[in-house]
2 protein chains.
Amino acid sequence: MANTERAIRSRRDRPAKPALTRQGIVDAAVRVMHADGLDKVTMRRLAAELDTGAASLYVYVRDAAELRAAVLDELLAEVDLSPVAAEGDWRVRLSAVLRSYLGVLLTYPPLAHSALLTRPSGPRYLDLLEALLSVLHQAGIDDRRAAWAVDLLLQTATATGAEHVSGSDDPQDGRSSLDTLVEAATAGRYPRIIALGAELFSGTGEDRVAWAFSVLLNGILATPRTDPPT
Amino acid sequence: MANTERAIRSRRDRPAKPALTRQGIVDAAVRVMHADGLDKVTMRRLAAELDTGAASLYVYVRDAAELRAAVLDELLAEVDLSPVAAEGDWRVRLSAVLRSYLGVLLTYPPLAHSALLTRPSGPRYLDLLEALLSVLHQAGIDDRRAAWAVDLLLQTATATGAEHVSGSDDPQDGRSSLDTLVEAATAGRYPRIIALGAELFSGTGEDRVAWAFSVLLNGILATPRTDPPT
DNA sequence: ACCTGAACACCGTTCAAGT
DNA sequence: ACCTGAACACCGTTCAAGT
């Protein structure tokens, strides 16, 4: 394209190229993720989207991991924190917030994956943390216990989200491990796995996760932190 | 190198190039991982190690993810399952097996990361599963509950391992989230986070993980699975 | 200061062609 | 059947050079 034509285009045919900002980059990343999936959110692809070179992004973002963390924080705006101030059983309300968080992660499971590695630290994540701590406080759980409990709760939710990444419909992997199992079972190994059988894979994801959160809440109530040695 | 020289070398100066096998590939992967770290365990690097082309590996391994899963399963041989048959409190013994598993993951934390995505399904993983189910059975926990419990226990251990991936000593990230925090605190946001303060990051990894496993075990004991609707 | 093109040093996977 | 070289379609990050 000739220089003159280009100058005309930039003024009339399309919006003026917006100045590069950190927020603009994150917004573009969210757009690309919704359009083409998270694995297309690369420095190069984003740079193309913003009509610049990949190197330019490094002025606003330390590296690709930080960018993904920022994208997650952006998405965390969708978590429903309203149960914190609602009426009713605190367990139900805490569970509701955690399920909402998990729901957001499940929109883009690969994000959960990166959330386990790079702990998010943006404002929305802090909002979520504050919300959970607030409910635990309402429940009368002491601060020291709550501090560790919130970590465990978020870890469980995040890990559950991350596991759903490869929720592909590929029966091959299951088959091969089943073969191993059948062979070994004949040899008398793995009696417990055989006894449980399909029970190991039973239940919907929702039922399992609801049970898991119940386990956690009951466990947290039942497990004080011992006093530190003096 | 001339063809003749090459022929001589292969007979005399170095061990004969071993035939490619799946196990040989996995062994090479473990070697490379110990020598240069998991992120050097790539199809190309492995091929070079085995004196062949990357394409050749695809005869024995579906893709890179399957290879990493196989490497993890190999490492799982080091998990100490002896507490299963030992004397004493089942909680202590279950916890010991889980800690041993976590210990192996922490030798190469990036492996834990990939374990969350691609559920391992090799023989050592099945051994671990059987071991945990066996202790839960000894504890008198019913089968349906044990089936879900073992999943939650392994998920927690694996996620804990995965989180330690970026255990780098980079204070920058913590700093920036702390800044956000201080600003927002002035505005009266995040009262609970402020109240807890350093408590959120307190304790050694070992203490936290011991507490987490206690929470899980207490929670599992306190949380039956409701009967399925008829 | 900000932005860029080009380069560096890699990836996983496929495929036609050889043995 | 097994193995290979070469190609395809990408990556993240750095850096000298421009504006």
Which whole-number value in Å describes the distance from [X] [atom1] to [N] [atom2]?
| X | N | atom1 | atom2 | result |
| --- | --- | --- | --- | --- |
| B:Ile25 | D:dC2 | CD1 | P | 12 Å |
| A:Arg68 | D:dC11 | CZ | C1' | 11 Å |
| A:Leu67 | D:dT13 | CG | P | 10 Å |
| A:Arg62 | D:dT14 | CZ | P | 11 Å |
| A:Arg22 | C:dA1 | CZ | P | 20 Å |
| A:Leu20 | C:dC3 | CG | C1' | 9 Å |
| A:Glu66 | D:dG12 | CD | P | 14 Å |

> Got a sec, which pairs hit side chain to side chain donor-acceptor pair (under 3.5 Å) with one end in residues 38-47 of chain A, sequence neighbours left out?
Replying inline: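 Output for this query lists A:Asp36-A:Arg45, A:Arg45-A:Glu49.
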> Which residue pairs satisfy the side chain to side chain donor-acceptor pair (under 3.5 Å) criterion with at least one member in residues 97-109 of chain A, sequence neighbours excluded?
Replying inline: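 Side chain to side chain donor-acceptor pair (under 3.5 Å) check on residues 97-109 of chain A returns A:Tyr101-A:Thr158.
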>> Could you tell me how far C:dC10 sits from D:dC8 if I compare only their C1' atoms? Round to whole Å.
In response: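 Each nucleotide's C1' atom is 15 Å from the other's.
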>> Counting Watson-Crick and G-U wobble pairs with both distances under 3.5 Å, what is the dot-bracket string for DNA chain D, 5' to 3', using [ ] for crossing pairs and | for pairs to another strand?
In response: ||.|||||...|||||.||
> Are any side-chain N or O atoms of A:Ser114 and backbone N or O atoms of A:Leu111, one a donor and one an acceptor, separated by less than 3.5 Å?
Replying inline: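 Yes, because the side chain of A:Ser114 sits within donor-acceptor range (under 3.5 Å) of the backbone of A:Leu111.
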> Is A:Asp80 reaching over with its side chain to a backbone N or O of A:Val97, donor-acceptor style, under 3.5 angstrom?
Replying inline: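 No; judged by distance alone, with no hydrogens or angles, the pair does not exist.
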Would you mind writing out the side-chain donor-acceptor pairs for residues 146-156 of chain A within the sub-3.5 Å range, not counting sequence neighbours?
unit_1   : atom_1 : unit_2   : atom_2 : d
A:Trp148 : NE1    : B:Ser202 : O      : 3.3
A:Trp148 : NE1    : B:Ser202 : OG     : 3.2
A:Asp151 : OD1    : A:Arg119 : NH1    : 3.2
A:Asp151 : OD1    : A:Arg119 : NH2    : 3.3
A:Asp151 : OD2    : A:Arg119 : NH2    : 3.4
A:Gln155 : NE2    : B:Thr160 : OG1    : 3.2
A:Gln155 : NE2    : B:Glu163 : OE1    : 3.4
A:Thr156 : OG1    : A:Leu152 : O      : 2.9

> Quick one: ring-ring contact (aromatic ring centres under 6.0 Å, His included) pairs with a partner in residues 37-59 of chain B, sequence neighbours left out?
Replying inline: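 Not a single pair qualifies under ring-ring contact (aromatic ring centres under 6.0 Å, His included).
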>> With rounding to the nearest 0.5 angstrom, report the CZ to CG distance, A:Arg124 to A:Leu81.
In response: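 One gets 11.0 Å once the value is rounded to the nearest 0.5 Å.
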>> How long is the straight-line distance from CG of B:Leu98 back to CZ of B:Phe213, given to the nearest 0.5 Å?
In response: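 The CZ atom of B:Phe213 sits 4.5 Å away from the CG atom of B:Leu98.
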>> Counting only side-chain heavy atoms from C-beta out, which of C:dC15, C:dT13, D:dT14 sits nearest to A:Ala55?
In response: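 Looking only at heavy atoms from C-beta outward on A:Ala55, the closest nucleotide is D:dT14.
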> Would you call B:Arg189 and A:Glu130 a salt bridge, taking side-chain N to carboxylate O under 4.0 Å as the test?
Replying inline: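 Result for this pair is no, no salt bridge flagged.
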> Which parts of residues 28-46 of chain A get close to DNA chain D, meaning a heavy atom less than 4.0 angstrom away?
Replying inline: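 Nucleic-acid contacts, sorted: A:Thr42, A:Met43, A:Arg44.
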> Does the side chain of B:Tyr58 get closer than 4.0 angstrom to OP1 or OP2 of D:dC2 through an N or O atom?
Replying inline: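 Result: no.
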